[in-house]
Number of protein chains: 2
Amino acid sequence: MQNDRTGENLLFLTDEQLRQGIEAMFFAYRGFTADPDRILEKYKYGRAHHRAMHFINRVPGTNVNNLLNILGVTKQSLNRVLRTLIADNLVILKVGSKDRRERHLYLTDIGKSLEKQLSTAQSHRMREAYRQVGPDSVAGFKQVLEAMMDPKLQITYKKLRNS
Amino acid sequence: MQNDRTGENLLFLTDEQLRQGIEAMFFAYRGFTADPDRILEKYKYGRAHHRAMHFINRVPGTNVNNLLNILGVTKQSLNRVLRTLIADNLVILKVGSKDRRERHLYLTDIGKSLEKQLSTAQSHRMREAYRQVGPDSVAGFKQVLEAMMDPKLQITYKKLRNS
DNA sequence: GTTTTAAGTCAGTCTTGTTGACATTCCAAT
DNA sequence: ATTGGAATGTCAACAAGACTGACTTAAAAC
């Protein structure tokens, strides 16, 4: 039942297997977002705020364009979210020193603390899942996800990974 | 670097590994929905319609309550979607013969054909990913996803799997 | 000096989710 | 036979978060 490429055991490519993967993605994504969602609700924020904060934390000083590419939304949509985060003093803008058209984004201490709360909650579930299944399954999990990404996002993902 | 539970090699549980998993889920889900979304746009439907059709196809004759539990939305939200699908003759209701309060849901031939289009597109990407990484990674992928689900959804998922 | 780029803003629309209130139907238990 | 509660459907109002399109400002690039 191993990777017998010679005999070409392709049972893992049946419609049934594919359907299971599709449904697993659907149900798992609900679990994936459930814990942060509960926290966000208390602060009257949404998933969009979480995503923005996550990547501003990951790439401190990113400019708006870069963040737009990572998030895959329009600037109008991101702007609405950023405005509230800035108004609430979770994010600050700094005008670029080299190119003064650019605005660089940073989390404030308050922003960092909320981001930490959210990522802790989300990581907790992920850690528990990892622990249950062991390292080999985790490696497989990541490989399939990476292979499912659009090529452009795959590059973005890899860049983030090595930074 | 294998599953050495004795030496407890827990490198796969680092914050970095968890963060990678989180970002992989985020980016992969975009890919996961991208192809069906493009098709749906042509028919002026949304993801909600796709999800409803998917599970009506999976569990023909399901009643509304069961579908609500699977989808995890309110009846008002589902009802709006069902109304358009019924109006467009993609879905039909049949009054329950045993309990006539219940409405059983079925795809019409037109509904089946659109569902087929959508699932083919989605499966195509999944199949390509599976093929790239091989059966062992696919098994790991599913195990992690299953472990990430809320317990109630995990049961729903397993029931669907064995039906 | 003109063009392009980065960012922000205003206005309007759409999908998809939410609450709350209420009506209908009908099974099941008293 | 009546009644309580469950399953379903519907109306109205609202909100988040996505979209398009048009436009401004500022600064860099050519």
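All values derive from a computational prediction rather than experimental measurement. By convention in this document, chain letters (A, B, ...) are assigned in the order of the sequence lines, proteins followed by strands, and residues within each chain are numbered from 1. Just the heavy atoms: all of them, side chains too, but no hydrogens, waters or symmetry mates, feed the values below.
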Any side-chain donor paired with an acceptor under 3.5 Å for A/H104 and A/T62? no
Separation of atom CZ in A/R83 from atom P in C/dG8, rounded to whole Å: 10 Å
So what does B/H49 hit on the nucleic acid, given a heavy-atom distance under 4.0 Å: a base, only sugar-phosphate, or nothing? sugar-phosphate
Let me know the distance between CD of B/E102 and C1' of C/dC27, rounded to the nearest Å. 11 Å
Is any side-chain N of the basic residue among B/E102 and B/K94 closer than 4.0 Å to the acidic one's carboxylate O? no
When we call it a touch if two heavy atoms are under 4.0 Å apart, what does B/I86 touch: a base, just sugar-phosphate, or nothing? nothing
Atom CG of B/N63 to atom C1' of C/dC26: distance rounded to whole Å? 15 Å
From the 5' end of DNA chain D to its 3' end, which nucleotides mark the outer limits of contact with chain A, defined by a 4.0 Å heavy-atom distance cut-off (strictly under)? D/dG17 to D/dA28
Can you give one letter per nucleotide of nucleotides 18-23 of chain C, going 5' to 3': B for a protein heavy atom under 4.0 Å from the base, S for sugar-phosphate only, - for none? BBBB--
Would you mind checking if B/D37 and B/R30 are paired as a salt bridge, meaning a charged N to carboxylate O distance below 4.0 Å? no
Distance only, no hydrogens: is a donor on one side chain within 3.5 Å (strictly under) of an acceptor on the other, for B/R47 and B/T33? yes
Does A/Y45 or A/R100 map to a spot on DNA chain D nearer the 5' end, using the closest nucleotide for each? A/Y45
With the side chain counted from C-beta on, respond yes when B/L90 and B/Y45 share a heavy-atom pair under 4.5 Å apart, and no when they do not. yes
Closest to the A/V64 side chain, choosing from C/dT25, C/dG8, C/dG17: C/dG8
Mind checking if A/K44 touches a base, just sugar-phosphate, or nothing, with heavy atoms under 4.0 Å? nothing
Return the 5'-most residue of the pair A/D99, B/N65 with respect to DNA chain D, ranking by each residue's nearest nucleotide. B/N65
Does any donor atom in the side chain of A/E23 or B/H54 lie under 3.5 Å from an acceptor atom in the other side chain? yes
At 4.0 Å (heavy atoms only), tell me whether B/L82 reaches a base, stays on the sugar-phosphate, or touches nothing. nothing
Which word best sums up how the rings of A/Y130 and B/F12 line up, parallel for under 30°, tilted for 30 to 60°, or perpendicular for over 60°? parallel
Nearest-0.5 Å distance, NZ of residue B/K75 to CG of residue B/L82: 13.0 Å
Pair B/Y43-B/D88, side-chain donor/acceptor within less than 3.5 Å: no
Spacing of A/N69 atom CG relative to C/dT5 atom C1', expressed in whole Å: 14 Å
May I ask you to verify if any side-chain N or O of B/R103 is less than 4.0 angstrom from the OP1 or OP2 atom of C/dC26? no
